[in-house]
Protein chains: 2
Amino acid sequence: MRRKRSTLADVASLAGVSAVTVSRALRRPDMVSAKLHDRIQAAVRELAYVPDVAASRLASNRTHTIGVIVSSLTNGVFADYINALHDNLLPAGYQVLILSTRYSEAEEEKAIATLLGQHPEAIIIVGVDQSEHARRLLESSGVPVVQTFQLTDNPIDINLGLDQEQGAYEATKALIDLGHTRVGVIASRLDARARARLEGYSHAMREAGLDDTKWRATTPEQTTVMAGSRLLGDLIKAGNQPEAVFCCDDLLALGVLFECQRRGIKVPNQMSIIGYNNLEFAASAEPPLATVATPRYEMGRMAAEIVRKIIESGERPPNNKIDVGYTLELRGSVGRRRA
Amino acid sequence: MRRKRSTLADVASLAGVSAVTVSRALRRPDMVSAKLHDRIQAAVRELAYVPDVAASRLASNRTHTIGVIVSSLTNGVFADYINALHDNLLPAGYQVLILSTRYSEAEEEKAIATLLGQHPEAIIIVGVDQSEHARRLLESSGVPVVQTFQLTDNPIDINLGLDQEQGAYEATKALIDLGHTRVGVIASRLDARARARLEGYSHAMREAGLDDTKWRATTPEQTTVMAGSRLLGDLIKAGNQPEAVFCCDDLLALGVLFECQRRGIKVPNQMSIIGYNNLEFAASAEPPLATVATPRYEMGRMAAEIVRKIIESGERPPNNKIDVGYTLELRGSVGRRRA
DNA sequence: ATAGGAAATGACAGCGCTGTCAATTGGCCC
DNA sequence: GGGCCAATTGACAGCGCTGTCATTTCCTAT
């Protein structure tokens with residue numbers, strides 16, 4: 001059981017061939033006779049041989065690894081995105097190495113350094129606000145980098161995202177256009193995306209001549225349903241009960257919905273709610289939660305396609321800043337203002 | 001920008017020392033004079049040097065990597081667990097390499113092979129029902145393996161989990177004890193854990209002399225809120241409207257809650273709902289969702305501790321089968337039968 | 001039957017780093 | 001001021017694999 005792992009040489013001697021031949025049989029079966037191939041496969045199975053990627057990487061200078069850095073593995077927002085990356089990279093023979101920054105700049109720098117030590121052939125990273133040091137690491141790595149989820153005029157390499165602020169602006173404006181003036185905002189975590197959305201809210205409010213500071217409840221804590229409930233409570237306790245709320249995430253919106261039910265506030269008659277991201281549950285809620293749908297799966301698919309093209313043919317997208325857009329989904333949780 | 005990555009030797013020549021010294025300065029700063037250390041650090045920063053783990057692994061035969069295999073990265077069930085692993089392994093200097101099987105046996109075998117190629121120092125894997133081939137790979141790797149989430153009498157190495165069937169049994173029995181006889185069950189995905197829970201339901205029903213097949217709605221599709229809503233619809237459409245439902249996951253329970261609201265079925269007066277896992281939103285729902293709370297963070301923490309002990313001191317837990325238990329949380333979504 | 005060439009296989013070096021042991025330096029005591 | 005030991009630094013080999021080129025084998029066409 002605790003026997004030493006077998007190596008190429010072990011397989012080779014069991015199959016009665018040279019190590020190079022085994023290596024070829026495994027990587028390019030067409031270069032080896034069928035008979036030998038079978039014999040080698042048998043030896044591989046018998047020894048439960050698994051190639052050592054470290055040695056392979058060192059000899060070939062290829063890792064077949066794509067590094068992915070996300071802000072959180074807990075947050076459902078990144079689930080579709082990661083799935084898309086898996087769906088489009090694994091079948092093409094790439095390994096996907098996922099690291100989480102847990103919304104910390106320090107952890108992000110560490111994650112990038114860790115990743116670079118693995119010699120990924122490309123890096124796909126959430127966000128555009130990396131620290132100076134992180135940027136330098138990425139730039140000097142010489143590896144293609146795709147920054148996602150947000151847009152920036154100053155990408156490290158390639159940028160694929162959406163205008164988070166604009167999405168929030170439109171959501172808030174939709175509430176205002178429905179006649180609401182006491183429009184609140186709820187945000188948590190306060191990472192770059194959340195801050196951009198707060199900006200969008202403020203923009204829409206000020207544009208309509210409304211106070212953008214009066215109905216605001218935020219917390220640096222992580223985004224949870226409970227936080228949504230509590231933040232609505234905070235707003236109401238402060239004597240500023242809104243008639244509509246823009247939530248910077250669907251989880252918060254769900255928390256707000258439950259809190260309204262608890263307090264007997266009718267949605268949407270007495271309270272309109274709109275969230276962000278179009279997480280799976282939003283459409284299934286009762287009433288269905290309005291939201292700003294972000295094309296996360298599509299963004300992951302495109303990122304995968306871009307890095308594959310660059311790696312496999314050196315072909316770069318014509319434009320290094322790609323806007324994947326968003327869709328405002330107005331559902332049952334929002335309604336026109338009642339007298 | 002596309003310049004070649006720098007190596008130890010580059011750093012060494014810039015700092016005017018030998019490569020070995022640089023290696024030591026980075027790994028064991030105490031073995032190098034302070035002055036040199038500073039000079040080397042400066043060179044490292046200047047060149048944006050990042051050590052090559054492949055070369056390091058080859059030379060030292062250590063990877064500082066713990067392999068983690070989960071069934072899904074989308075499912076919130078694994079989020080706390082992964083967080084616990086991160087919290088307890090990253091600070092100790094380990095890298096955590098997470099792979100997802102996406103509930104597929106074939107992908108699980110591939111993930112295990114991929115992982116072994118990385119020479120992890122231990123493997124933590126969800127579930128106890130690996131295929132024969134997968135078991136062989138794991139056993140012959142000679143690496144400590146911790147199987148989690150479920151219990152088995154025949155572990156590969158170490159087993160840390162809970163009796164999924166028993167949890168479901170107790171949940172169902174709680175509903176029966178509240179006077180309900182038309183007790184339904186809703187399950188999705190139908191992976192090993194879901195099947196164990198269905199078993200637990202059947203056990204409780206049969207024990208009470210009730211039909212365990214009449215109020216059953218399942219789907220092989222993935223676990224979503226929408227699936228919960230639809231499955232409740234299926235039950236009712238079949239003319240078997242239950243008065244209580246045990247859901248094999250909280251997401252399904254949430255879907256059932258929303259569907260009840262949509263259909264005007266009062267919870268808990270006309271319908272008791274109990275879920276599984278105690279996901280974050282369960283306690284915040286209105287009414288709060290009863291559930292079988294599984295100690296996922298604690299399970300991750302313990303798994304991390306076990307592998308660290310084995311790696312660092314060779315010390316194995318006294319028992320290779322550890323039951324972490326569960327807690328039945330009866331909340332507002334369940335109530336006694338009304339006339 | 002044999003030359004000629006394609007297909008299949010092998011030999012060898014080296015990827016970047018670290019374990020091991022050897023060499024050098026510096027500090028301290030008498 | 002010389003000798004001794006500890007602290008610091010260096011030289012060298014080799015981890016397991018693959019790129020490259022050399023060699024052998026096997027056909028095919030004459």
Side-chain angles (χ1 to χ4, degrees), chain A residues 4-40 43-44 47-65 93 95 113-114 116-121 141-142, chain B residues 4-40 43-44 47-65 93 95 113-114 116-121 141-142:
Chain A
K4 209 163 168 308
R5 285 176 57 124
S6 24
T7 70
L8 253 200
D10 298 334
V11 178
S13 74
L14 179 59
V17 295
S18 73
V20 206
T21 304
V22 177
S23 171
R24 269 195 290 258
L26 297 178
R27 287 177 304 139
R28 318 269 309 272
D30 53 303
M31 289 179 69
V32 156
S33 68
K35 210 179 54 179
L36 247 192
H37 186 252
D38 291 350
R39 208 160 82 222
I40 290 171
V44 165
L47 296 175
Y49 169 73
V50 178
D52 184 331
V53 293
S56 168
R57 132 86 188 94
L58 214 50
S60 72
N61 208 28
R62 288 216 52 185
T63 57
H64 303 279
T65 293
Q95 199 205 141
T114 300
L116 290 177
Q118 307 273 355
H119 282 250
E121 302 190 359
S141 74
Chain B
K4 209 162 168 310
R5 285 175 58 124
S6 24
T7 69
L8 254 199
D10 298 334
V11 178
S13 75
L14 179 58
V17 294
S18 74
V20 207
T21 305
V22 177
S23 171
R24 270 195 289 257
L26 298 178
R27 287 177 303 139
R28 318 270 308 272
D30 53 301
M31 288 180 69
V32 156
S33 68
K35 209 179 56 177
L36 248 192
H37 186 251
D38 291 350
R39 209 160 81 223
I40 289 171
V44 164
L47 296 176
Y49 168 74
V50 177
D52 184 331
V53 291
S56 168
R57 132 85 188 93
L58 213 50
S60 72
N61 208 27
R62 288 216 51 186
T63 57
H64 303 279
T65 294
Q95 198 205 142
T114 299
L116 290 177
Q118 306 272 355
H119 282 249
E121 302 190 359
S141 74

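Letters A, B, ... mirror the listed sequences (proteins, then strands); counts begin at 1.
- In this structure, the side chain of A:S60 engages the main chain of A:S56 through a donor-acceptor pair within 3.5 Å.
- Per the geometry, CG belonging to A:D10 stands 14 Å off C1' belonging to D:dC15, to the nearest Å.
- Rounded to an integer number of Å, the gap from A:H119 NE2 to C:dC15 P is 13 Å.
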Check the pair B:E121 / B:T63 against side chain to side chain contact (heavy atoms under 4.5 Å, CB included), numbers first and verdict last.
CA-CA 7 Å; B:E121 302 190 359; B:T63 57; 3.5 Å; yes
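- Spacing between atom CG of B:L36 and atom C1' of C:dT24 amounts to 14 Å, rounded to whole angstrom units.
- Picking from C:dT9, D:dG16, C:dC17 the nucleotide with the shortest atom distance to the side chain of A:L58 gives D:dG16.
- At whole-Å resolution of the value, NZ in B:K35 and P in C:dT25 are 13 Å apart.
- Close to C:dG10, at under 4.0 Å from its OP1 or OP2, lies a side-chain N or O of A:T21.
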Does the pair A:T114 and B:Q95 meet the rule for a side chain to side chain contact (heavy atoms under 4.5 Å, CB included), with working shown?
CA-CA 8 Å; A:T114 300; B:Q95 198 205 142; 3.8 Å; yes
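- Atom pair B:R28:CZ and D:dT8:P shows a separation of 12 Å (rounding to whole Å applied).
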A:I40 and A:V44: CA distance, side-chain angles, deciding distance, side chain to side chain contact (heavy atoms under 4.5 Å, CB included) verdict
CA-CA 6 Å; A:I40 290 171; A:V44 165; 4.2 Å; yes
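- As a whole-Å value, the separation of A:I40 CD1 from C:dA8 P is 13 Å.
- Rounded to an integer number of Å, the gap from B:L26 CG to D:dT9 C1' is 15 Å.
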Trace of the side chain to side chain contact (heavy atoms under 4.5 Å, CB included) decision for B:R62 with B:H64:
CA-CA 6 Å; B:R62 288 216 51 186; B:H64 303 279; 3.6 Å; yes
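- Nucleic acid contact for B:V17: sugar-phosphate only, since backbone atoms but no base atoms lie under 4.0 Å from a heavy atom of the residue.
- Note on A:V32: only backbone sugar-phosphate atoms sit closer than 4.0 angstrom, heavy atoms only; bases stay farther off.
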Can you build the contact string for nucleotides 18-25 of chain D? Use B for base contact, S for sugar-phosphate-only contact, and - for no protein heavy atom under 4.0 Å.
BBB-----
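- An OP1 or OP2 oxygen of D:dA7 is reached within less than 4.0 angstrom by no side-chain nitrogen or oxygen of B:S33.
- For the atom pair CG (B:D52) and CZ (A:R57), the distance works out to 4.0 Å, reported to the nearest 0.5 Å.
- Separating the CG atom in B:D30 from the CZ atom in B:R24 is a distance of 11.0 Å, to the nearest 0.5 Å.
- The nearest whole Å value for the distance from the CG atom in B:D38 to the P atom in D:dT8 is 14 Å.
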